[in-house]
Participant: 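Okay, here's the structure, questions in a sec.
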Amino acid sequence: QDTTFLSQEIPPVFLCFRDRKEWADLEPVPQDDGPNPVVKIAYSEKFSDVYDYFRALLKNDERSERAFALTSEAIELNAANYTVWHYRRVLLQALSKDLREEMRYITAIIEEQPKNYQVWHHRRMVVEWLNDPSEELEFIADILSQDAKNYHAWQHRQWVIQEYKLWDDELDFVENLLEEDVRNNSAWNQRHFVISHTSGFSDAMEREIQYCLYQIKKAPNNESAWNYLKGILQPLGLSAQPGLLERVLELKQTHCSPYLLAFLFDCYEDALENSKENVAEEEQQKTLKKALEICQLLAQEDTIRKEYWLFLGRSLKNKHGSSDPSDEPLADDPEPSVPVSEQQEMS
Amino acid sequence: MGTQVKDVIIKPDAPSTLLLDKHADYIAAYGSKKDDYEYTLSEYLRMSGIYWGLTVMDLMGQLPRMNRQEIIDFIKACQHECGGISASIGHDPHLLYTLSAVQILCLYDSVDALDVDKVVEYIKGLQQEDGSFAGDKWGEQDLLRSVLSQETFGKMDTINVDKAVEFVLSCMNFDGGFGCRPGSESHAGQIYCCSGFLSLTGQLHQVNADLLGWWLCERQLPSGGLNGRPEKLPDVCYSWWVLASLKIIGRIHWIDKAKLRSFILACQDEETGGFADRPGDMVDPFHTLFGVAGLSLLGDEQIKPVNPVLCMPEDVLQRINLQPDLLS
């Protein structure tokens with residue numbers, strides 16, 4: 001749970017609403033925890049005061065400047081209260097408030113509390129009302145410069161780009177982020193998002209493969225790059241890409257990783273699954289053998305996922321193994337010890 | 001093949017045994033302390049907070065320590081005219097808290113405390129044209145957990161399930177995972193919701209279980225803990241989101257259970273009780289539930305079996321005859 005709001009500074013001088021003469025006409029509504037309160041809560045004095053008056057305003061559906069000002073106080077005390085945000089939106093419209101000023105307010109809140117759901121949603125609403133996304137990409141870039149994986153920021157960014165068709169510079173933006181941190185999974189996801197909505201992957205495939213291999217050479221143990229590579233190739237089939245296997249085998253000499261091995265396995269598996277008519281049985285068995293060797297290696301190197309690697313080997317063997325009895329079983333390949341309560345079938 | 005991986009290091013003196021009594025005491029006392037600022041500020045999610053607390057107490061066999069009638073009365077006071085339920089009294093209704101309220105009432109076998117027809121109407125009214133569900137009538141998009149409520153009431157036919165399925169599948173990404181919206185990055189929490197949804201709607205066959213299972217088991221780090229997406233730190237709540245997803249798609253044996261268990265246990269606070277997101281941090285009810293639930297899924301016999309789809313005790317679901325599909 002995000003508790004950054006706990007660090008909010010309370011201003012040194014605060015006059016309670018109940019002591020302000022311009023609020024004297026309003027009857028504050030105290031907190032109601034139900035007929036038999038589950039707990040007896042002691043709120044801070046300021047918190048009680050502000051929310052007592054908020055509830056009073058809500059009850060009267062008051063649409064005034066003072067109500068608007070109070071929502072700011074309420075948000076400052078608890079920016080996650082969605083009821084307050086909704087009321088603020090009602091007031092923004094009822095009072096025809098300056099929405100650009102509101103954007104500045106929203107920006108300030110997001111800077112302080114970048115993982116708050118309500119304020120991002122609020123921003124989207126105001127951008128829609130203004131029908132003006134011109135500040136958004138720069139603003140989001142600023143938030144991402146503080147936390148390059150902020151899920152809210154990325155989601156807002158995707159919405160803005162799609163809604164207002166702001167695709168043009170996004171691939172450059174992604175590349176810059178990946179230059180800064182090639183392991184930024186959000187950026188890799190964005191790359192896929194941009195390309196799939198613009199050029200598509202057919203013409204771009206060779207360029208993208210090159211880009212992945214280039215990044216992998218810089219940081220071989222990069223899950224994101226490998227996931228991306230596999231993800232873009234999967235629809236057509238890994239073995240359909242000419243020369244790819246050779247390039248990966250070459251990379252294996254100098255930049256090996258569990259991800260590379262897993263990818264190799266996927267290439268072999270794809271070859272077995274989609275073998276052409278004229279591929280000899282012997283060729284198939286060679287491919288199978290290579291694939292099984294990889295599983296063995298991975299089961300030894302990536303021990304935390306040993307069960308997965310053994311599963312992969314077993315299922316590939318079941319599917320494509322020859323009926324040759326001289327075939328050696330996978331060493332260290334007992335039936336997995338599965339707890340009695342789980343009746344798992346290896347498919 | 002080692003590399004600089006983003007992870008935590010578990011200290012040798014980290015807790016290594018399960019301290020159930022301490023956790024029960026922690027939850028039972030939560031919210032009854034005066035001047036609890038954190039409790040005050042979490043009012044906006046009070047209903048979910050109660051669900052987390054009650055569920056973990058029930059899993060530990062300690063539900064009777066909580067105030068059943070007071071909670072039921074509280075929920076009644078939170079149901080609005082439109083049928084939706086709010087996080088607390090005076091707050092707006094919201095799908096998330098409607099779900100939490102329904103789950104709480106299932107634990108207490110008191111679903112009739114609600115105007116069920118109205119709840120069903122409320123949820124139905126939140127479905128959007130694209131099949132997704134808004135969190136509230138103001139349109140904030142949210143997760144697809146409405147299906148649970150409808151399923152519980154036996155009213156699945158009131159929502160457009162096909163459209164909802166279509167929406168969820170449109171959130172499937174190139175890596176086999178799911179994001180919040182089409183195009184959004186794959187995220188374990190979202191994957192959990194989507195897997196659960198597909199289970200409840202009998203659509204698990206649409207998942208590429210091997211590909212997704214691979215992505216999920218890749219979440220396990222050398223410390224044994226699980227993260228929510230690549231290159232992020234482990235967090236005990238992911239020992240629920242990831243683990244439950246793996247269980248739903250029949251691949252739970254792909255992670256190293258012993259290592260995960262020791263990570264979860266290390267997240268306990270021996271003094272205060274409760275679990276934190278990672279070893280040494282402050283505890284809270286949210287992480288306490290998911291730590292305990294995770295251990296249950298791993299087979300700890302001191303804890304009641306938990307249902308991976310709904311994060312509720314299995315015996316509660318048996319009582320209401322709700323057994324969502326799991327892949328094997």
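All chains are named by letter (A, B, ...) in the order of the sequence lines, taking the proteins before the strands, and each is independently numbered beginning at 1.
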Participant: How about A:Lys218: does its NZ atom have over 12 heavy atoms from other parts shown lying under 6.0 Å from it?
Facilitator: yes
Participant: Side chain, backbone, both or neither: which part of A:Lys149 has a heavy atom under 4.5 Å from chain B?
Facilitator: both
Participant: With chain A as the partner, which of B:Pro182, B:Gly299, B:Gly224, B:Cys217 has the greatest number of non-hydrogen pairs under 4.5 Å?
Facilitator: B:Cys217
Participant: Measuring heavy-atom distances to chain B, does A:Leu312 have an atom under 4.5 Å in its side chain, in its backbone, in both, or in neither?
Facilitator: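 Neither; nothing under 4.5 Å.
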Participant: So how far is it from A:Ser186 OG to B:His187 NE2, rounded to the nearest 0.5 Å?
Facilitator: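 One gets 9.5 Å once the value is rounded to the nearest 0.5 Å.
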Participant: Which bit of A:Phe201 comes within less than 4.5 Å of chain B, counting heavy atoms only: side chain, backbone, both or neither?
Facilitator: neither
Participant: Please round to the nearest 0.5 Å and tell me the distance separating atom OG of B:Ser223 and atom CD1 of A:Ile304.
Facilitator: 7.5 Å
Participant: side-chain contact (heavy atoms from CB on, under 4.5 Å), that's the test. Do A:Lys230 and B:Leu211 meet it? Break it down for me.
Facilitator: CA-CA 11 Å; A:Lys230 179 173 163 178; B:Leu211 182 60; 3.7 Å; yes
Participant: Can you find a pair of side-chain heavy atoms, one from A:Glu307 and one from B:Ile252, that are under 4.5 Å apart?
Facilitator: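 Result no, sub-4.5 Å side-chain heavy-atom pair not found.
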Participant: Hey, which of B:Gly183, B:Ala258, B:Ser86 has the most heavy atom pairs under 4.5 Å with chain A?
Facilitator: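 It is B:Gly183.
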Participant: Not counting sequence neighbours, list each pair that qualifies as a salt bridge (charged side-chain N to carboxylate O under 4.0 Å, His left out) and has a residue in residues 211-226 of chain B.
Facilitator: A:Glu223-B:Arg219, A:Arg305-B:Glu218
Participant: Using a 3.5 Å distance criterion without hydrogens, assess whether the side chain of B:Asp175 forms a donor-acceptor pair with backbone atoms of A:Gly231.
Facilitator: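 Not a single qualifying donor-acceptor pair exists.
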Participant: Any non-hydrogen side-chain atom of A:Tyr82 less than 4.5 Å from a side-chain atom of B:Leu96?
Facilitator: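 No - every pair of side-chain heavy atoms lies 4.5 Å or more apart.
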Participant: State, without any angle test, whether A:Asn185 and B:Glu185 hold a side-chain donor-acceptor pair at a distance under 3.5 Å.
Facilitator: yes
Participant: Can you see which heavy atom on B:Ser184 is nearest to which on A:Tyr151, and at what distance?
Facilitator: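 Heavy-atom minimum between the residues: CB-OH, 3.5 Å.
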Participant: Taking the inter-plane angle between the rings of B:Phe174 and A:Tyr228 on a 0 to 90° scale, is it parallel (under 30°), tilted (30 to 60°) or perpendicular (over 60°)?
Facilitator: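 The rings of B:Phe174 and A:Tyr228 stand perpendicular, inter-plane angle above 60°.
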Participant: Compare every heavy atom of B:Cys180 with every heavy atom of A:Gln155, then report the nearest pair and how far apart it is.
Facilitator: OE1-CB, 3.5 Å
Participant: My understanding is that only residues two or more places apart in sequence, or in another chain, count here; which of them pass salt bridge (Lys or Arg N to Asp or Glu O under 4.0 Å) with B:Asp277?
Facilitator: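 Not a single residue meets the salt bridge (Lys or Arg N to Asp or Glu O under 4.0 Å) criterion with B:Asp277.
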Participant: Taking atom CG of A:Asn189 and atom CG of B:Asn173, what is their separation to the nearest 0.5 Å?
Facilitator: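 The distance works out to 5.5 Å.
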Participant: Answer yes or no: is there a side-chain heavy-atom contact under 4.5 Å between B:Asp210 and A:Phe311?
Facilitator: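 Contact flag for B:Asp210/A:Phe311 side chains = yes.
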Participant: Does any heavy atom of chain B fall under 4.5 Å from the side chain of A:Asp181, the backbone, both, or neither of them?
Facilitator: neither
Participant: Any non-hydrogen side-chain atom of A:Asn227 less than 4.5 Å from a side-chain atom of B:Trp215?
Facilitator: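 Yes - at least one pair of side-chain heavy atoms lies under 4.5 Å apart.
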Participant: Any chance you could lay out the ring pair (Phe, Tyr, Trp, His ring centres under 6.0 Å) test for B:Trp214 and A:Trp309, step after step, and finish with the verdict?
Facilitator: CA-CA 10 Å; B:Trp214 155 241; A:Trp309 301 121; 5.4 Å; yes
